[in-house]
Amino acid sequence: MTKEKSNNQNKTVTFNISKSKNFSEWYTDIIQKAELADIRYNIKGFIVFQPWSVLSMEKMFYFMESALRKKGHMPYFFPTVIPEKNLKKESSHIKGFSPDVFWLENVKGEDKLALRPTSETAFYQMFSLWIRSYKDLPFKTYQRANVFRYETKATRPFLRSREFHWIEAHCAHATEEDAMKQVKEDMETTKEVLHDIYGLPFIFFKRPEWDKFAGAKHTFAADVLNPDGKVVQQPSTHLLNDSFAKAFDVKFKDKDEKEKYVHTTCYGPAISRIFASVIAVHGDDKGLRFPWKIAPIQVIIVPFSQDKNVLKKIEEIKNELEKINVYTSIDDSDKRPGEKFYYWEMKGVPLRIEIGEKEIKSKELTIYRRDLDSKEKIKEKDLLKYIEKTSIEIDKNLTKQADKLFENNIKDAKTKSEIEKVIESGKIARCNFCSVEKSGEACAEIIEKETGAQVRGTKLEKEKASGNCVICNKKATEVVYVARSY
C-alpha cells in the first residue's frame, strides 16, 4: 500500500470529548476530526464520504459480498431509476414508501421516474423474464447500490441519511418453506459478517405487525446497541408476501408441470449504516478503534529519526508487511512523535511500530496496540509472526469488549413507569405485551408517545409471556423489547 496522505497530516488535531459522558458530541466530533465525512455538501442529508471511511467500507463490502457469493448469490447492477408504474404495481409497497421517494421531474418522453428507495419492483420485473422452471430456483441475486429516501427526521452522518450505501439481496424460491430457509441463512450471514468480522453484537428481533417492511409477510432485523442506550437497526431480512410475485407475474413451471408463483425474500445490509456502529461500538475516549480486517491502515510506522539507516529500515519493514497483504503506511511528517501518536490513535490504526536509532542497534521494535492502549517490545526478526498472531487477537479482543454492551443493559419492566425508568437510564426494557399483531399497535403507540421508545419486537427464541400486558392489562401473549432508536 502506498503512503496515505491526510489533509490534517501537518496540522495538530485536538480531540478531548468523553464518549461515556457525551456520546452524541463525541460521535459528531470524531467524524470531523478523523476525516470520515464532510457534512458541508449543500444538500441536506447528503454527505461526502472521505477516504478514511471509504477505505474501511470497501473492506466491509468485500466481506459481505464474499459471504453472499459463497452462498450462491450472483451480483447484478440495476438502474438507479424505477418507473412509477413499477412502484404502483404492488400497492402496499408504494404506500409504505410514498413519503420517502425522490421523484425525477420533467424527464421528457418518459414515464415518471423515481430514484430507487429499494429495488423489489426493479428486480421482480426482470425475475418474470428470467425464471421459467423449478430448475431455475432458488434464484439468488444481490446488488451493491445507493438508495435514496426522503428522510424527514434529523439526519446524522452514516446513521440517518437521505442516501445510503448498501447491499440488497433478492431471492426467489419454489416454496414458502424454502424462502424461510433463505431468511434464516440471511440471519446466519449477518452473524458471520457483522459479528465475527466487524465485531458488532446484536439481537435479531421479529418485528411487530405494524413495523414490517412494506410488502412483507414477516420482517426480522438485527438491532445493535449504541453506548448511549439507543439501538440502530442493521441488516434486516424479509419473507415477502405473494403480492410482489403476483404483481410482476413471476411464475415457474413446477415438476408437476403446473405454473406456480415464486416465493420471494429480500435482505438489506446497509454498509454505510453498519459503519456508524463500527464507529460507535468500538471507539473510545481517544477516538476510533478498528478491527484488523476492516481497518483502512493496519500498521502505521513512525520513525524517530531521519537517519539514513532508520529510513532504510522502515522501508524494508513496510515492504515486508505489504508482501503479506498488511496495509501499511509511514508517517514521515515533521510533527513531533507525540503528535503523531495522538493522531493515529485517534484514527484507530490497530498497530503502530516505532523505530529510531536505538531500535536499529538493539534489533528490537516498539509496538503499540490500539485495542489494549499499551506498548510492548519484540525482536525485529519476529515481526511477521507477531503480526499474524496479534491481528487475530485484536479482532477477538474488540469483539469480546463489544459483546459486553448487552450485559446488564436489558431490564425487566412490569409497568409503564418502569419502562420509562429503564429507557431513561439508557437501557432496553423487556416486558409482557398483549400482542405483536395489529391489535397490539395501540399499546405500542402509548409506549412511544410517553417514553420516546419503540416496541422493537420479539426474540427469535420464543419466550413465554406471563401475567398481563404492561399497557392495556389484557392477558399477555408475547415478551417484547422496548428501546429508543435512531
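- S53 places a side-chain N or O within 3.5 Å of a backbone atom of Q50 that can act as its donor or acceptor partner.
- Contact detail for L36 and I30: the closest heavy-atom pair is CD1-O, 4.2 Å.
- Other residues, nucleotides and ligands contribute only 12 or fewer heavy atoms inside 6.0 Å of the CD1 atom of I39.
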Go through the steps to decide whether E380 and K363 satisfy the test salt bridge (Lys or Arg N to Asp or Glu O under 4.0 Å), and finish with yes or no.
-> CA-CA 6 Å; E380 184 189 323; K363 294 186 178 180; over 6 Å; no
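- For H73, the side-chain contact (heavy atoms from CB on, under 4.5 Å) test picks out L68, K71, K140, Y142, A169, C171, Q182, E185, with sequence neighbours left out.
- With hydrogens and angles left out, the side-chain atoms of T366 and E364 include no donor and acceptor closer than 3.5 Å.
- Between E376 and Y386, the side chains place a donor N or O and an acceptor N or O closer than 3.5 Å (distance only, hydrogens not considered).
- Note on D223 versus R456: salt bridge recorded, some NZ/NE/NH1/NH2 to OD/OE distance being below 4.0 Å.
- Taking the side chain to side chain donor-acceptor pair (under 3.5 Å) definition, one finds that K21 meets it with nothing, sequence neighbours left out.
- Salt bridge status for R369 with D371: present, with a side-chain N to carboxylate O gap under 4.0 Å.
- R430 places no side-chain N or O within 3.5 Å of a backbone atom of V479 that could act as its donor or acceptor partner.
- For an aromatic pair to be called close, the ring centres must be under 6.0 Å apart, and Y150 with F102 satisfies this.
- Here the closest heavy-atom approach between residue N432 and residue A465 is recorded as OD1-CA, 3.6 Å.
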Full working for salt bridge (Lys or Arg N to Asp or Glu O under 4.0 Å) between K70 and E65 | CA-CA 9 Å; K70 284 177 184 175; E65 291 185 68; over 6 Å; no
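- Side-chain contact check for Y267 and T189: no donor-acceptor pair (N or O, by modelled atom type) lies under 3.5 Å.
- A donor-acceptor contact shorter than 3.5 Å links the side chain of W26 to the backbone of D284.
- A donor atom on one side chain and an acceptor atom on the other are found under 3.5 Å apart for E163 and N146.
- Evaluation of the salt bridge (Lys or Arg N to Asp or Glu O under 4.0 Å) test over residues 171-183, restricted to residues two or more places apart or in two chains, returns E176-K217.
- Nearest heavy-atom pair across E359 and L365 is CG-CA, 4.3 Å.
- The cationic atom of K335 (NZ for Lys, CZ for Arg) lies less than 6.0 Å from the six-membered ring centre of Y343 and within 45° of the ring axis.
- E418 places a side-chain N or O within 3.5 Å of a backbone atom of K414 that can act as its donor or acceptor partner.
- Evaluation of the side chain to side chain donor-acceptor pair (under 3.5 Å) rule for K375 yields E354 as partners, not counting sequence neighbours.
- In this structure K191 satisfies the salt bridge (Lys or Arg N to Asp or Glu O under 4.0 Å) test together with D196, sequence neighbours excluded.
- Considering every non-hydrogen atom in both V310 and I355, the closest pair reads CG1-O, 3.8 Å.
- For K358, the NZ atom sits in a loose shell: 12 or fewer heavy atoms of surrounding residues, nucleotides or ligands are nearer than 6.0 Å.
- Partners of D395 according to the salt bridge (Lys or Arg N to Asp or Glu O under 4.0 Å) rule, which considers only residues two or more places apart in sequence or in another chain, are K293.
- The closest side-chain donor-acceptor pair between S305 and E357 falls under 3.5 angstrom.
- For residues 178-206, the pairs satisfying ring-ring contact (aromatic ring centres under 6.0 Å, His included) are F202-F204, F205-Y481, with sequence neighbours left out.
- No side-chain donor-acceptor contact under 3.5 Å links S56 to the backbone of W52.
- Evaluation of the side chain to side chain donor-acceptor pair (under 3.5 Å) rule for S20 yields S18 as partners, not counting sequence neighbours.
- The side-chain heavy atoms of I447 and Q454, taken from C-beta on, include no pair separated by under 4.5 Å.
- Between S329 and K318 the shortest heavy-atom distance is CA-CE, 4.4 Å.
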How far apart are the C-alpha atoms of E188 and K184, what are their side-chain angles, what is the distance that settles it, and do they pass the salt bridge (Lys or Arg N to Asp or Glu O under 4.0 Å) test?
-> CA-CA 6 Å; E188 290 166 5; K184 290 174 182 176; over 6 Å; no
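- Considering only residues two or more places apart in sequence or on other chains, Y62 meets the ring pair (Phe, Tyr, Trp, His ring centres under 6.0 Å) condition with none of them.
- Between the side chain of Q234 and the backbone N or O of A222 there is no donor-acceptor pair closer than 3.5 Å.
- F290 does not carry R370 over the face of its six-membered ring by the limits of under 6.0 Å from the centre and within 45° of the normal.
- Between Y368 and F341, the distance from one ring center to the other does not fall under 6.0 angstrom.
- Judged purely by atom type and a 3.5 angstrom limit, D285 uses its side chain to pair as donor or acceptor with the backbone of K19.
- In summary, the side chains of S236 and H238 do present a donor paired with an acceptor at a separation below 3.5 Å, with no hydrogens or angles considered.
- A salt bridge does not link K385 with E388: none of the charged nitrogens is closer than 4.0 Å to a carboxylate oxygen.
- When only modelled atom types and interatomic distance are considered, Y27 and N226 share no side-chain donor-acceptor pair under 3.5 Å.
- Two rings, from F164 and F158, have their centers 6.0 Å or more apart.
- Between W130 and F139, the ring planes are tilted. Angles from 30° to 60° get that label.
- Partners of H282 under the side-chain contact (heavy atoms from CB on, under 4.5 Å) rule, at least two apart in sequence or in another chain, are L200, V278, R289, P291, L398, A402.
- Partners of Y124 by ring pair (Phe, Tyr, Trp, His ring centres under 6.0 Å), not counting sequence neighbours, listed by chain and number: F127, H170, F244.
- No more than 12 heavy atoms of other residues, nucleotides or ligands lie within 6.0 Å of OH in Y41, so this atom counts as exposed by the packing criterion.
- Within the 3.5 Å criterion, the main-chain N or O of V326 finds a donor-acceptor partner in the side chain of T328.
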Between K230 and D228, does a salt bridge (Lys or Arg N to Asp or Glu O under 4.0 Å) hold up when you go through it step by step?
-> CA-CA 6 Å; K230 291 183 180 180; D228 63 350; 5.0 Å; no
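- Formation of a donor-acceptor pair under 3.5 Å by the R116 side chain with backbone atoms of F78 is found in this model.
- With 3.5 Å as the limit, one finds a donor-acceptor pair spanning the side chains of E168 and S119.
- In terms of heavy-atom proximity, V193 sits nearest to A67 at CG2-CB, 3.8 Å.
- When side chains are defined from C-beta on, I353 does not count as touching V302, because their heavy atoms never get closer than 4.5 Å.
- With hydrogens and angles ignored, the 3.5 Å screen pairs a side-chain donor or acceptor of K340 with a backbone N or O of S333.
- Screening residues 52-62 for salt bridge (Lys or Arg N to Asp or Glu O under 4.0 Å), with sequence neighbours left out, gives E58-R144.
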